[in-house]
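Accompanying notes for the structure given below.
Naming convention: chains lettered A, B, ... in sequence-line order (proteins, then strands); numbering from 1 in each chain.
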Number of protein chains: 2
Amino acid sequence: MAHNPERRTALVDAAIEVLARQGARGLTFRAVDAEAGVPKGTASNYFTSRDDLIGQVARHIHVRLGPDAQELEAAENAPRTRDALPAVLTALYQRVTRERTGYLALLELRLEATRRPEVREILTEAIRANLQRDIDYHLASGRPGDDTTVVVLYLSLSWLIVEDLTLPGVLADYPPEHMVKVLTGLLVPPD
Amino acid sequence: MAHNPERRTALVDAAIEVLARQGARGLTFRAVDAEAGVPKGTASNYFTSRDDLIGQVARHIHVRLGPDAQELEAAENAPRTRDALPAVLTALYQRVTRERTGYLALLELRLEATRRPEVREILTEAIRANLQRDIDYHLASGRPGDDTTVVVLYLSLSWLIVEDLTLPGVLADYPPEHMVKVLTGLLVPPD
DNA sequence: TATATAGTACTTCGTATGTAGTGGTTGCAA
DNA sequence: TTGCAACCACTACATACGAAGTACTATATA
């Protein structure tokens, strides 16, 4: 069993791409090899089994979930008024469209979680932590609304993203920018 | 090619179960045969290819999406006040937990839609129609709120359902009944 | 009796997998 | 500096698994 950490990471990243593009059905060692541009058989040398590979993907994908350092800093420095909310949400939305494959892979993993307790535990922990961080941040920022405000935002935006990624035609009459405005109006009522 | 319509429907239903329980990876003719309790090779006789099978599943699954006749009637007769909203939403939620496999299969199909234009078209049309029906019904009922109210509900409840089906631990502190109340309070402000 | 479908069994095919074997590189010690 | 040892990249192969489809038989119904 080989242990080159960079190569291992590259293989996991390649597996995420494969998951998003070909679905769980297409996730094979050979497909990962091809995606990573390494010789056939390499993934066999780095993961004991397909399950092992999926577990490592679940552990690794959370780094693609959260905002990057730059984005966190921008949010930190933004004015703490309701007017800032649309900008934050728009930034989130842009990140999603950038990380399209990452979010699709995460959806595949969620479905995998219904079948594999190990994946369920890993993802639950990672996503809970992300949500809690958002709630804490929001409460500490002094912006209007309580923890359920953040949860409602999480719910709405999550499905807005799914709809956009999978069946963009469904909400053609209700584009994301519009729905973000609607949500802002609902959650942050005028004084 | 055999044409027994009941058997064909049974096979499609079985395919939905397989999709939900084993994922897209497990959807093979043989698995469908086993799930439907028919001899091996039967699915081969009813569908020209795996693609064909998936297409027919996409066309058929919309009958599991909407409320059944009984539920529609109950909604029709319910008092048209804001107080009725939680009851309607609770009914929806109960249907979802009943039709667990159907909703999981639909999620699988959504991911399949990112790869198959045919599936994308079929699902987009069916889900658009469902949403439009909900919007029309809501507007005609004279309940408070406009079309975006319904869309926000659709977004929030959809992800609430996904979270519950895939990673129920994430929102352990925010159970569905509570979030339904929160949403009601947001969307239907007191007079 | 004829036709269509149910059911059985077999053959073929594709492809994933894991490993054995080879070559090259790096690090360490003499 | 040179030689050796360990490790990893890479190639190629042999195996195995399971899906698919089809040919064949049985059965029921019109």
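Atom-to-atom, CG of A/Leu27 to C1' of C/dA16 comes out at 12 Å; the value is rounded to the nearest Å. Rounded to whole Å, the distance from CZ on B/Phe47 to P on D/dG21 is 13 Å. Rounding to whole angstrom units, NZ of residue B/Lys40 and P of D/dT22 are separated by 18 Å. Atom CG of B/Asn45 and atom C1' of D/dA20 are 11 Å apart (whole Å). Rounding to whole angstrom units, CG of residue B/Asp33 and C1' of C/dT8 are separated by 13 Å. Atom-to-atom, CG of B/Leu53 to C1' of D/dA19 comes out at 14 Å; the value is rounded to the nearest Å. The nearest whole Å value for the distance from the CD atom in A/Glu6 to the P atom in D/dA9 is 10 Å. Following rounding to the nearest Å, B/His3 (NE2) and C/dT3 (P) show an atom-to-atom distance of 18 Å.
Candidate nucleotides C/dA6, C/dT19, C/dA16 were compared by shortest atom distance to the side chain of A/Thr28, and C/dA16 ranks first. Nearest to the side chain of A/Arg50, among D/dG21, C/dT17, D/dC8, sits C/dT17. Side-chain atoms of B/Arg7 lie closest to C/dA6 of the nucleotides C/dA6, D/dC8, C/dG18. In the set C/dA16, C/dC10, D/dC10, C/dA16 carries the atom at the smallest distance from any side-chain atom of A/Arg30. Nearest nucleotide to the B/Ala2 side chain, out of D/dA20, C/dG7, C/dA6: C/dA6.
Residue-level contact check: A/Tyr46 touches the backbone only, with heavy atoms under 4.0 Å from sugar-phosphate atoms and none from bases.
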